[in-house]
2 protein chains.
Amino acid sequence: MEKLKEKILNEGKVREGNILKVDCFLNHQMDIKFLNEVGQEFRERFKDIKVDKILTIEASGIGIAAIVSQYFDYVPVVFAKKTESLNLDKEVYEAEVASFTKKKTYKVRVGKQFIKEGENILIIDDFLAKGCAAKGMIDLVNQAGANLVGIGIVIEKGFQEGREVLEGMGARVESLAIIDKFEDGKIVFR
Amino acid sequence: MEKLKEKILNEGKVREGNILKVDCFLNHQMDIKFLNEVGQEFRERFKDIKVDKILTIEASGIGIAAIVSQYFDYVPVVFAKKTESLNLDKEVYEAEVASFTKKKTYKVRVGKQFIKEGENILIIDDFLAKGCAAKGMIDLVNQAGANLVGIGIVIEKGFQEGREVLEGMGARVESLAIIDKFEDGKIVFR
């Protein structure tokens, strides 16, 4: 997606440890008009599949998924929760996720009534790096006996193993921008 | 907002300790078509004010704020973050928030570049109870020297002190549904 690449180049920042910061439009401040274009692009990429529900994960996936849903006939968006809350039902599917940026492992949970057997689930997330968050979400989908029909990623770090891991699990992955490498602090797209 | 009240009565559940669960359409699974109606209603309530930016808080405010923004000329949405992440800039405004449902106090942070002096900020959140989250966000707005122009709440627990606290700080609060009390597990609206 050309406009996304432009935005990454113009507004993104590369920090030590090859961390790309796009918090000015994607995951801290959100450019909602642009996210509508992201939604349109995902619809185009996944135009051949029937989607019953979008699954994402706290926190930065939520706003993206909410806007994307509007391009998939307003299907419900479910977000996996990261913390144990008094408000969460006891009846949950649970999976483990290792976080690269937060350097810890945490559990994600979804209420069982929100992913049902046979439903077609599209996973949406902001980043794909090692694939840990997506793997956790696939685990939740599998526990429910639902069908994973695709994984839509805004920005993929192509030099990490995420895509290989997810495709190895049989998933179809569509990323709107793939970063091949960082060279002297500059971003090189695939 | 009549349709919201209907949805709360039809789809919400009241649990022990007067906890209202609306996770089937608002804060775990999200009904995106309905959230568009919520956005329209907030626009109507706040039609007299100029909004430069919407501020909300992780996690359940994010999806709501993203959709609401579309009714305020797609102004940027900024969400305050609850956890220390490697990806967060060092230059942040920070406030303390006590959580009723999670029984602990935590810090919320916003990158300084995302709330600027003189900007008109509309706060959006899913619930108002004791007002702790909104108070924390007002603190962030004040630190930045921005103008708080309103607080839009989807569901207010009218029997708790949140509104009094926020109005006492000079805020204008608009709630789309106000729960007066729970009576034998039933919801009574104001």
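Just so it is clear: chains get the letters A, B, ... in the order the sequence lines come, proteins before strands, and each one is counted from 1. Keep in mind that this is a model prediction, so the values were computed, not measured.
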Subject >> From Q29(B) atom CD to Q113(A) atom CD, the distance as rounded to the nearest 0.5 Å >> reply: 8.0 Å
**OP:** Evaluate whether atom NZ of K33(A) has more than 12 neighbouring non-hydrogen atoms of other residues, nucleotides or ligands under 6.0 angstrom away.
**Re:** no
Original post:
Considering residues, nucleotides and ligands other than E94(B), do more than 12 of their heavy atoms fall under 6.0 Å from its CD?
Top reply: yes
Original post:
How long is the span from the OG atom in S69(A) to the CG atom in N36(B), to the nearest 0.5 Å?
Top reply: 8.5 Å
**OP:** Calculate, to the nearest 0.5 Å, the distance between atoms OH and CG belonging to Y74(B) and D31(A) respectively.
**Re:** 11.0 Å
Subject >> Where S60(A) and F79(B) come nearest, the two heavy atoms and their spacing >> reply: CA-CZ, 4.2 Å
**OP:** Taking the side chain as every heavy atom from C-beta outward, state whether F114(A) and C24(B) have any pair of such atoms under 4.5 Å apart.
**Re:** yes
Original post:
So if you build clusters from Ile, Leu, Val, Met, Phe, Trp, Tyr with side-chain heavy-atom gaps below 4.5 Å, do M169(A) and Y93(A) land together?
Top reply: yes
Original post:
Does some side-chain heavy atom of I62(B) sit less than 4.5 Å from a side-chain heavy atom of E58(A)?
Top reply: no
Original post:
Any chance NZ of K112(B) has more than 12 other-residue heavy atoms, nucleotides or ligands included, within less than 6.0 Å?
Top reply: yes
Subject >> Heavy-atom proximity to chain A below 4.5 Å, by part of D73(B) >> reply: neither
**OP:** Quick one: pull up CG in N27(A) and NZ in K81(B) and give me the separation to the nearest 0.5 Å.
**Re:** 5.0 Å
Original post:
Nearest heavy-atom pair of I32(B) and A66(A): which atoms, and what distance?
Top reply: CG2-O, 3.5 Å
Original post:
Do the side chains of F34(B) and I54(A) join up, straight or via other hydrophobic residues, at under 4.5 Å, putting them in one cluster?
Top reply: yes
Original post:
Would one find more than 12 heavy atoms of other residues, nucleotides or ligands at under 6.0 Å from atom CD of E161(B)?
Top reply: yes
Original post:
Around atom NZ of K107(B), are there more than 12 heavy atoms of other residues, nucleotides or ligands at under 6.0 Å?
Top reply: no
